[in-house]
Number of protein chains: 2
Amino acid sequence: MYSKELLKGTLRTIVLKLLSEQGRMYGYQITQEVKARTNDQIILTEGALYPTLHKLEAEGLLTTEKEYIGKRVRKYYHLTDTGNVAVVAKIQEFTDFVKTMQRLLDFKLET
Amino acid sequence: MYSKELLKGTLRTIVLKLLSEQGRMYGYQITQEVKARTNDQIILTEGALYPTLHKLEAEGLLTTEKEYIGKRVRKYYHLTDTGNVAVVAKIQEFTDFVKTMQRLLDFKLET
DNA sequence: AAAGATACATTAGATTCTTAGGTATTGCAA
DNA sequence: TTGCAATACCTAAGAATCTAATGTATCTTT
């Protein structure tokens with residue numbers, strides 16, 4: 001795990017994007033999915049994730065439904081209409097930011 | 001000016017990179033250079049820049065020399081040997097981060 | 001003469017994170 | 001069967017990094 005400061009400000013974008021892909025996810029699942037997709041390079045801490053999920057819900061971008069797996073509760077989150085609009089803007093904002101930084105720092109992303 | 005949260009954690013990288021290109025720069029000059037290169041999309045505030053410059057100097061990545069333009073002082077910063085090593089690592093860290101985010105968010109940066 | 005640009009700086013407060021804790025259930029290996 | 005790891009939720013104190021506001025002073029342009 002590297003570049004912790006760089007991750008600041010990207011958590012909302014990550015959460016919204018994953019939810020727009022997967023339809024619905026619960027908190028723990030999000031941490032595992034991010035870990036898997038990034039080969040353990042991005043590890044979401046619960047102390048960051050849960051408050052963010054609660055904020056996004058309070059802002060009306062997400063709604064929840066509880067589900068019981070045996071006696072254990074899962075809180076599934078999914079995007080609202082507002083959330084669906086927001087995710088597009090967030091991704092766009094991030095790509096714009098990267099392009100600007102590319103010009104500023106003069107680096108390439110060869111693939 | 002957009003995406004203020006995204007900028008968090010990139011200020012050091014920006015400063016170090018510009019100094020490695022330009023040899024030496026003073027604070028105000030850095031703000032103007034960044035503004036110009038990014039078409040006003042990234043505006044460095046002085047409240048963020050000056051403390052960061054002071055920290056980088058305290059950490060031994062930068063040194064300073066004062067110069068007087070008339071009665072007005074300019075503090076020129078330039079990289080130390082340690083700073084020259086750090087800038088390469090910082091740029092690499094940022095490009096790695098972007099690549100990881102690209103995989104995670106599944107976006108392209110067409111040019 | 002006044003306003004805007006140049007040039008340095010600090011501080012209060014906001015935001016966003018990490019670290020560290022807490023509770024409880026379930027599955028698996030010793 | 002017992003205890004540890006994984007699953008699953010959560011909060012709170014403190015760190016780090018920024019913005020916005022403020023301050024001081026000089027120089028340039030209108």
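All heavy atoms count here, side chains included; hydrogens, waters and symmetry mates do not. Protein chains get the first letters and strands the later ones, always in sequence-line order, with residue 1 at the start of each.
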Taking [atom1] from [X] and [atom2] from [N], how many angstroms apart are they, rounded to a whole number?
{"X": "B:Leu44", "N": "C:dA9", "atom1": "CG", "atom2": "P", "value": "15 Å"}
{"X": "A:Lys71", "N": "D:dC9", "atom1": "NZ", "atom2": "P", "value": "19 Å"}
{"X": "A:Phe97", "N": "D:dC18", "atom1": "CZ", "atom2": "C1'", "value": "13 Å"}
{"X": "A:Glu65", "N": "D:dA8", "atom1": "CD", "atom2": "P", "value": "16 Å"}
{"X": "B:Lys75", "N": "C:dA9", "atom1": "NZ", "atom2": "C1'", "value": "9 Å"}
{"X": "A:Leu49", "N": "C:dT19", "atom1": "CG", "atom2": "P", "value": "16 Å"}
{"X": "B:Met25", "N": "C:dC8", "atom1": "CE", "atom2": "C1'", "value": "16 Å"}
{"X": "B:Glu67", "N": "C:dC8", "atom1": "CD", "atom2": "C1'", "value": "15 Å"}

Salt bridge (charged side-chain N to carboxylate O under 4.0 Å, His left out) against [X], all qualifying residues, sequence neighbours excluded:
{"X": "A:Arg24", "answer": "A:Glu65, A:Glu67"}
{"X": "A:Lys17", "answer": "A:Glu21"}
{"X": "B:Lys35", "answer": "B:Asp40"}
{"X": "B:Glu59", "answer": "B:Arg12"}

So, using side chain to side chain donor-acceptor pair (under 3.5 Å) as the criterion, who are the partners of B:Glu46 when residues are at least two apart?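 Testing B:Glu46 for side chain to side chain donor-acceptor pair (under 3.5 Å), a comparison that skips the adjacent residues, returns none.
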For the residue pair B:Ile30 and B:Leu53, establish whether any side-chain heavy-atom pair is separated by less than 4.5 Å.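 They are in side-chain contact.
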Do any of residues 26-38 of chain B sit with a heavy atom less than 4.0 Å from DNA chain C, and if so which?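 Residues of residues 26-38 of chain B under 4.0 Å from DNA chain C: B:Tyr26, B:Gly27, B:Tyr28.
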Using Watson-Crick and G-U wobble pairs whose two distances are both under 3.5 Å, how do you write the pairing of DNA chain C as dot-bracket, with | for links to another strand? ||||||||||||||||||||||||||||||
B:Tyr76 vs A:Ile69, nearer the 5' end of DNA chain C by closest nucleotide: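 Between the two, 5'-proximity favours B:Tyr76.
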Taking the nucleotide of DNA chain C with the nearest heavy atom to each, does B:Val73 or B:Pro51 sit closer to the 5' end?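 Residue closer to the 5' terminus by nearest nucleotide: B:Val73.
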Pairs flagged by side-chain hydrogen bond (donor to acceptor under 3.5 Å, both in side chains) wherever residues 75-89 of chain A is involved - sequence neighbours left out: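 Residue pairs with at least one partner in residues 75-89 of chain A: A:Thr63-A:His78, A:Arg74-A:Tyr76.
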Think A:His54 has a side-chain N or O under 4.0 angstrom from the OP1 or OP2 of D:dC9?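 So the side chain of A:His54 is outside the cut-off, no N or O lying under 4.0 Å from OP1 or OP2 of D:dC9.
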Counting just side-chain N and O atoms, does A:Tyr50 come under 4.0 Å of either OP1 or OP2 of D:dC10?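 No, because none of the side-chain N or O atoms of A:Tyr50 sits under 4.0 Å from OP1 or OP2 of D:dC10.
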Can you tell me how far apart [atom1] ([X]) and [atom2] ([Y]) are? Round to the nearest 0.5 Å.
{"X": "A:Arg103", "Y": "B:Ile42", "atom1": "CZ", "atom2": "CD1", "answer": "9.0 Å"}
{"X": "B:Thr13", "Y": "B:Phe97", "atom1": "OG1", "atom2": "CZ", "answer": "11.0 Å"}
{"X": "B:Asp106", "Y": "A:Arg37", "atom1": "CG", "atom2": "CZ", "answer": "7.5 Å"}

With the criterion being N/O to N/O and under 3.5 Å, what pairs connect the protein with nucleotides 23-25 of chain D, and how long is each?
none

Just the table, please: protein N/O against nucleotides 15-17 of chain C N/O, every pair under 3.5 Å.
from: C:dT15; atom 1: O2; to: B:Lys8; atom 2: NZ; distance (Å): 3.3
from: C:dT16; atom 1: O2; to: A:Lys8; atom 2: NZ; distance (Å): 3.2
from: C:dC17; atom 1: OP1; to: A:Gly9; atom 2: N; distance (Å): 3.0

I would like to know whether B:Leu49 and B:Val15 meet side-chain contact (heavy atoms from CB on, under 4.5 Å); could you show each step before the answer? CA-CA 9 Å; B:Leu49 179 63; B:Val15 167; 3.8 Å; yes
Quick one: closest heavy-atom pair of B:Ala86 and B:Leu16, and the distance?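 Nearest heavy atoms, B:Ala86 then B:Leu16: CB-CD1, 4.5 Å.
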My understanding is that only residues two or more places apart in sequence, or in another chain, count here; which of them pass side chain to side chain contact (heavy atoms under 4.5 Å, CB included) with B:Ala48?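 If we apply the side chain to side chain contact (heavy atoms under 4.5 Å, CB included) test to B:Ala48, skipping adjacent residues, the hits are B:Leu11, B:Thr45.
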My understanding is that only residues two or more places apart in sequence, or in another chain, count here; which of them pass side chain to side chain contact (heavy atoms under 4.5 Å, CB included) with A:Gln92?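 Residues passing side chain to side chain contact (heavy atoms under 4.5 Å, CB included) with A:Gln92: A:Thr95, A:Asp96.
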